[in-house]
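Only heavy atoms go into these numbers, but all of them, side chains included; no hydrogens, no water, no symmetry mates. Naming: A, B, ... by sequence-line order, numbering from 1 per chain.
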Number of protein chains: 2
Amino acid sequence: MKNLLHPDLAFRLNGRLWIEGPDDRFMGIGRLELLEKIQRLGSISKAAQEMGMSYKRAWELVSSMNQQAREPLVSTQTGGKRGGGAVVTAAGQQMLREFAALQARFQAFLAEETQRLAE
Amino acid sequence: MKNLLHPDLAFRLNGRLWIEGPDDRFMGIGRLELLEKIQRLGSISKAAQEMGMSYKRAWELVSSMNQQAREPLVSTQTGGKRGGGAVVTAAGQQMLREFAALQARFQAFLAEETQRLAE
DNA sequence: AGGCGTTATGTTTGCAGGAATACAACGCTA
DNA sequence: TAGCGTTGTATTCCTGCAAACATAACGCCT
């Protein structure tokens with residue numbers, strides 16, 4: 001394969017992985033990162049800010065995940081201490097762990113194939 | 001994982017794989033299909049038509065691949081018998097084989113992980 | 001010589017999807 | 001009770017990218 005690529009350019013194998021429902025994406029790398037940030041920051045708005053994404057978009061992603069999951073992955077509260085906030089539920093944490101593990105296996109696959117690519 | 005998904009909805013694991021250069025994508029599933037159709041039909045325009053894509057877009061993809069490859073993957077001729085045409089070079093055919101094989105291994109990975117998903 | 005189907009390339013148009021903006025409701029806190 | 005930082009939601013504005021359109025050149029073929 002390497003012998004087919006232009007010698008002056010640096011190439012790299014890349015890919016994406018996601019779980020999709022009938023109408024909508026359910027889980028992907030972006031949603032995973034969003035979950036992580038919500039867990040760390042306790043707020044959808046702060047997580048959105050850190051991802052350089054509008055609050056509305058982040059909220060829509062959370063809503064989509066919650067609707068497609070058996071039980072909500074993120075639980076929210078409007079008003080109250082600090083104005084409210086969001087927490088990742090136990091189900092959300094399990095999702096986070098399992099999808100992160102899947103991602104890791106995918107990265108391993110990519111690394112392995114990248115090796116093969118260089119031959 | 002299955003226990004986290006909404007029981008009424010059908011989910012499926014999906015993904016994409018591609019090779020990218022510094023500025024532009026080099027090879028992906030769409031470009032692979034385009035190569036296959038060009039080889040079968042002997043023409044960029046016919047291949048574009050069969051893919052439901054504009055000729056211009058197909059031509060740009062071919063141009064991008066040819067520029068990034070060590071040697072052109074598709075060779076074209078303007079004018080002449082049948083108005084001209086395009087053929088996939090030997091390098092193009094090797095690319096086609098190798099990337100198709102990579103795709104197949106990726107599909108196997110997806111299938112395996114889909115199994116694991118259902119647990 | 002003229003027609004045809006193709007490659008090759010520039011220009012304009014349309015549109016989907018995200019960003020930006022706006023605003024109501026909520027419930028601690030001071 | 002007023003303020004603050006959230007969630008929740010509607011609406012308008014942008015813009016990047018693909019589609020659509022247009023046109024030239026090319027070289028067989030009749």
> Does the side chain of B:Trp59 get closer than 4.0 angstrom to OP1 or OP2 of C:dT7 through an N or O atom?
no
> Quick one: which of D:dG8, D:dA18, D:dT6 gets closest to the side chain of A:Ser43?
D:dT6
> Separation of A:Asp24 atom CG from C:dG17 atom P, in whole Å?
11 Å
> Among D:dT7, C:dT29, C:dT9, which nucleotide sits nearest the side chain of A:Ser45?
D:dT7
> Given atom CD of A:Gln77 and atom P of D:dC4, what is their separation to the nearest angstrom?
20 Å
> Whole angstroms only, please: what is the CZ-P distance between A:Arg82 and C:dA30?
14 Å
> To the nearest Å, how far apart are B:Asn66 CG and C:dT7 P?
13 Å
> Say whether B:Ser63 and B:Gln67, considering side chains only, have a donor N or O and an acceptor N or O under 3.5 Å apart.
yes
> Does a side-chain N-to-carboxylate-O contact under 4.0 Å join A:Lys56 and A:Glu60?
yes
> Decide yes or no on side chain to side chain contact (heavy atoms under 4.5 Å, CB included) for B:Val88 and B:Glu36, but give the supporting numbers first.
CA-CA 9 Å; B:Val88 176; B:Glu36 283 169 352; over 6 Å; no
> From D:dA18, C:dA19, C:dC26, pick the nucleotide closest to the side chain of B:Arg57?
D:dA18
> Hey, is the side chain of A:Thr76 poking within less than 4.0 Å of OP1 or OP2 on D:dG8, counting only N and O atoms?
yes
> So if I take every side-chain heavy atom of A:Lys81 and compare against C:dT29, C:dT7, D:dA19, which nucleotide ends up nearest?
C:dT29
> Could you state the atom-to-atom distance from CD1 of B:Ile38 to P of C:dA8 in whole Å?
11 Å
> Remember a base hit wins even if backbone is also touched, and classify A:Lys46 as base, sugar-phosphate or nothing at under 4.0 Å, heavy atoms.
sugar-phosphate
> Let me know the distance between CD of A:Gln49 and P of C:dA19, rounded to the nearest Å.
14 Å
> What's the verdict on side-chain hydrogen bond (donor to acceptor under 3.5 Å, both in side chains) for A:Gln49 and A:Ser45, showing C-alpha distance, side-chain angles and the deciding distance?
CA-CA 6 Å; A:Gln49 205 173 345; A:Ser45 75; 5.7 Å; no
> Can you work out whether A:Met53 or A:Gly80 has the more 5'-proximal nearest nucleotide on DNA chain C?
A:Met53
> Could you check A:Gly83 against B:Gly84 and say which one's nearest nucleotide on DNA chain C is further toward the 5' end?
B:Gly84
> Any Lys/Arg nitrogen of B:Arg116 or B:Glu119 sitting under 4.0 Å from an Asp/Glu carboxylate oxygen of the other?
no
> In this structure, how many angstroms lie between the P atom of C:dT9 and the OH atom of B:Tyr55, rounded?
9 Å
> What nucleotide, of D:dC26, D:dG8, C:dC28, holds the atom closest to the side chain of B:Thr78?
D:dC26
> So for B:Lys56 and D:dA22, does any side-chain atom that can act as donor or acceptor lie under 3.5 Å from a complementary atom in the base?
no
> Measure the distance from CE on B:Met51 to C1' on D:dA18 and round it to the nearest whole Å.
15 Å
